Amino acid sequence: MSHKVLVVDDEESIVTLLQFNLEQSGFSVTTAMDGKSALDEAANQKFDLIVLDLMLPELDGLEVCKQLRQNKVMTPILMLTAKDDEFDKVLGLELGADDYLTKPFSPREVVARIRAILRRTQATASEKETKKEVHKLVIGDVEIHPDNYEVFLRNQPMELTPKEFELLLYLVNHKGRVLTRDQLLNAVWNYEFVGDTRIVDVHISHLREKIEPNTKKPVYIKTIRGLGYKLEEPALNE
């Protein structure tokens, strides 16, 4: 069964190029040319991944991403941007995008990125089907069910993007160890991200907003100055 991908871009040449290459690679492709149409498509059918351009008519990619996450649509998003402005990339990640590519790009690179994201989500779904017992990891008030891709904070379900979940799970599995940004980048993103460790910082910040009682004084994810991050069991008095 082929994976369903929604491609959203207002440049017809790019849509045609991506659709052709993705279909040649075995994907089922739906296209949209503006932000409003993208939201309509995402509301009417379930996709395995969304390729989303930043600059769109009607609603831009950032707003589309924001509304999807607000509507609890957690489909992985690969954002495309023609800008070199780091602010746009970082903001996209903060709003819930999982990855981004800067134009111009090769169709082969897009396919490779999509496959890398889908491999991770597919592996998790497969584990969920084959394992009967609920395997869980607990640290402080946070409970993680790796097999079900679920996280609970004080017994309340949390909404994490796929990338946030993978990062949290990696931190928990390496509890007490100092992990450099490059280590996290390579382990969670599965490829060299051209040294752009800012992506790690953005996702750490997003995780802290969701699990830390006070983001200014983190009790779970500690910053180790000059090195990276370390996840710790919070002290009782914290």
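Computed from a predicted model, the values in this text were never measured in an experiment. Note: hydrogens, waters and symmetry copies are ignored here, and every other heavy atom, side chains too, is used.
Of all non-hydrogen atoms in P76 and I117, the two that sit nearest each other are CB-CG2, 3.6 Å. Considering every non-hydrogen atom in both P234 and I139, the closest pair reads CD-CG1, 4.2 Å. Closest approach of E58 and G35 over heavy atoms only: CB-N, 4.4 Å.
Around NZ of K210, the count of heavy atoms belonging to other residues, nucleotides or ligands within 6.0 Å exceeds 12. Counting non-hydrogen atoms of other residues, nucleotides and ligands closer than 6.0 Å to CD of E12 gives a total of 12 or fewer. Taking a 6.0 Å sphere around CG of N155, one finds it holds 12 or fewer heavy atoms contributed by other residues, nucleotides or ligands.
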All N/O donor-acceptor pairs, side-chain side in residues 20-29, below 3.5 Å, sequence neighbours left out:
| unit_1 | atom_1 | unit_2 | atom_2 | d |
| --- | --- | --- | --- | --- |
| N21 | ND2 | L17 | O | 2.8 |
| E23 | OE2 | Q19 | NE2 | 3.2 |
| S25 | OG | N21 | O | 2.9 |

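Summarising the geometry, atom NZ belonging to K103 is positioned 8.0 Å from atom OG1 belonging to T81; distances are rounded to the nearest 0.5 Å. For the atom pair CD of Q67 and NZ of K36, the computed distance is 10.5 Å after rounding to the nearest 0.5 Å. Remark: M55 CE to D9 CG distance equals 11.0 Å, nearest 0.5 Å. Between the CG atom in L6 and the OG atom in S37 there is a gap of 10.0 Å [rounded to 0.5 Å]. Once rounded to the nearest 0.5 Å, the distance linking OG1 of T31 with CG of L18 reads 10.5 Å. One distance of note links CG of D53 with CG of D34; it measures 11.5 Å at 0.5 Å rounding.
At distances below 3.5 Å, not a single donor-acceptor pair connects side-chain atoms of E232 with backbone N or O atoms of V219. Not a single donor-acceptor pair under 3.5 Å links the side chain of N71 to the backbone N or O of V73. Judged by distance alone, with hydrogens and angles left aside, the side-chain atoms of D98 form a donor-acceptor pair with the main-chain N or O of K163 at under 3.5 Å. Side-chain atoms of D48 come within 3.5 Å of backbone N or O of K4 as a donor-acceptor pair. Looking at R113, its side chain does come within 3.5 Å of a backbone N or O of Y100 through a donor-acceptor pair. In this structure, R208 contributes its side chain and I221 its backbone to a donor-acceptor pair below 3.5 Å.
Applying the ring-ring contact (aromatic ring centres under 6.0 Å, His included) test to pairs two or more places apart or on separate chains, those with a residue in residues 200-221 are W189-H203.
Within the 4.5 Å cutoff, the side chain of H3 has no heavy atoms near those of the I114 side chain. With contacts defined as side-chain heavy-atom distances shorter than 4.5 Å, the pair V8/V64 does not qualify.
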